[in-house]
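Here is the naming used below: chain letters follow the sequence lines, and residue numbers restart at 1 for every chain.
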2 protein chains.
Amino acid sequence: MPPSPRRATIRDVAREAGVSRGTVSRVLNGERYVSDQAREAIEQAMKVVGYVPNTAARNLALRRSRAVGFVVHEPHALFLEDPNIGAILLGANTVLSEADHQMVTIVVDSDRDNERVARYLGGGFVDGAVMVSARQRDPMLQALQAMSLPTALVGRPPAGVEVPWVGIDNRGAARAVTEQLVRSGRERVGIIAVGLDRDSGADRLQGFRDALGPRFDQGLVVERPLYEYAAGRDAMQELLVREPALDGVFATSDAVAAGALEALLAAGRSVPGDVSLVGFDDSTWARRCQPALTTVRQPARELGERAAALVLDLLAGKDVAADPAGTLLPTDVVVRDSA
Amino acid sequence: MPPSPRRATIRDVAREAGVSRGTVSRVLNGERYVSDQAREAIEQAMKVVGYVPNTAARNLALRRSRAVGFVVHEPHALFLEDPNIGAILLGANTVLSEADHQMVTIVVDSDRDNERVARYLGGGFVDGAVMVSARQRDPMLQALQAMSLPTALVGRPPAGVEVPWVGIDNRGAARAVTEQLVRSGRERVGIIAVGLDRDSGADRLQGFRDALGPRFDQGLVVERPLYEYAAGRDAMQELLVREPALDGVFATSDAVAAGALEALLAAGRSVPGDVSLVGFDDSTWARRCQPALTTVRQPARELGERAAALVLDLLAGKDVAADPAGTLLPTDVVVRDSA
DNA sequence: TGGTCGTCTGTGACCGTGCACAGAACGCCG
DNA sequence: CGGCGTTCTGTGCACGGTCACAGACGACCA
């Protein structure tokens, strides 16, 4: 870039107003001990010369940036599909904006990205980070910890990592929605368990077991790695082969449930006549399916808001307990037509 | 924030390696004229002291930031619904990452945001910007122009604004997809026209007129402000009241088409038996509807890639023609079941 | 031997801001 | 009038880099 036409600096303002740099700086930062006369002259001068503070210089002097990273460790394709991430992002963005911080979205897709992102986060460009969907032994999380960047997580961190976090009670919610199946008299209930490499996936499976108790059958557990529509469809087909008498299914996300629904209808099963189906997330999928899905409402936006607030607290030096139990936000079972 | 434990600087590296700051700087920037011996000593020293370059300092000295803003002027709710924006964002992010630039996502929702964002963009935090879905007389676009920040647009800019841009031929694409309706023998064809305050919305309506020619009937045009599912449903109901004999509909986005589909089925019309329906975008909606939608495929990801590339060209000082005609990427009509 | 050229290195100034410190101006009081 | 506290202002330095310049050094050649 041609180093631009050179912008007005604090010195230009000082000269124009007939005062010193220090006084201008004081006005900028709203400090006491500035005469009304000087203040007015300076405010006038700022308009005249078109002054805009230089963030880089301020960051350098203050050693902070008023920016917070929003790190999503997720394949690009899923970033687009997952409705929660968008809502979490918006929640975080709202809170940070109100605190006059900028949010920098960082999508870590390939492992190749790791180094670049770590360099960026360590480069003084951000004061802290919100991290979403960390895996077990996530290298990015380790990097954040190593450079001791104030960080909060959405979702429970891996064991041994002490970091403040917000999440939902995946286990309890999964149990509650599975009980909805059981209460309606279903006997042979299966699960399409996705993303078992995260705490959320594993916890939902556990909640499913809790609800079924002795009726739980390991043979009716189908695992898939990714939260995808296609995965739900395939898994459902497999489940029907394993147990044709199946009469209930818990799909651990709505997108997966939507895929499962397609497979069920294609196999000639009616929903909820022959088979009851429940999902998770209360995403747009749930309302748009025919029949609409019974599912779990997850306060995604609030998760983002709370995580961002945690980071701001850390930055403010507040004593945020890195409570291993984290903060759990409540979920609701939304009963619609599918179960 | 407690000004952190102080990180290693270029001077620490120099001391450790027994050379001067200048030499370290040269190694960092990959310049010629550094002895192998010095280079190795410095690389070694960087590891020993755990050196990470300070971006703020570099930005200050270079007067640039290696960051590019991605400005979305869209209500938060639509940011979540619109599948194109996600894809555009990813495309831009990919290109910028590969050029070792960071992308800063900025969502401008309320007008209250305008000032904060303008301040940010002018604060030397970004070298350039990609702007999506600018309105006519968009204040944010005007601000960008005023501070002469290198900018590229996705979508045609308002008349009189000279700025490089990429887009699609909305008019031609709308014409092509409408012709699909006409070819199949439909006579009374209506349109649900959304977002007429953008170039895209207005152009799609124009393309619709082109295709129908004398058969165009202003009475079969229903307008709605926002690209929403609910808007499609309501508009469809209105259209059926106006013309019960309607046998074809162009909804100017898939989300709107999906809403229209629901209304058609609820009104007892079969699709495509009684009424043919086409959408726009080829989003996930299109494939998931029953019947699947005939629609227009929009290369959203590539739009993001190209726009980002334009900004990088501007930054590199390449002579990017702010061609009023912009760059138009090709679209396809995807024929599925709904028409 | 001296001059020239190419390679390599160190030093000081500078980018634009915040902050600590020194001190000026003023009013008040003994 | 001198001392003191409060309010206000200016100056030097620091933040962590980049860059231009000067100069050292060795090789080569006339």
For [Y], does its backbone N or O pair with a side-chain atom of [X] as donor and acceptor, under 3.5 Å?
| X | Y | answer |
| --- | --- | --- |
| A/D127 | A/S65 | yes |
| A/T151 | A/L149 | yes |
| A/R66 | A/A99 | yes |
| A/R26 | A/R39 | no |

Within the 4.5 Å heavy-atom criterion, are [X] and [Y] side-chain neighbours or not?
| X | Y | answer |
| --- | --- | --- |
| A/N93 | A/F70 | no |
| B/M103 | B/V68 | no |
| B/N84 | B/V154 | no |
| B/I10 | B/L28 | yes |

Go through DNA chain D in 5' to 3' direction and return only the first and the last nucleotide with some atom under 4.0 Å of chain B's heavy atoms.
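With heavy atoms of chain B under 4.0 Å away, the range is D/dG16 to D/dC19.
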Can you check the B/D36 CG to C/dT9 C1' distance for me, whole Å?
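Checked: the CG to C1' distance equals 15 Å.
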Reading nucleotides 10-18 of chain C from the 5' end, what letters show protein touch, with B for base, S for backbone sugar-phosphate only, - for no heavy atom under 4.0 Å?
BBBB-BBBB
Would you tell me if any nitrogen or oxygen in the side chain of B/Y33 comes within less than 4.0 Å of OP1 or OP2 on C/dT7?
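For C/dT7, OP1 or OP2 has a side-chain N or O of B/Y33 closer than 4.0 Å.
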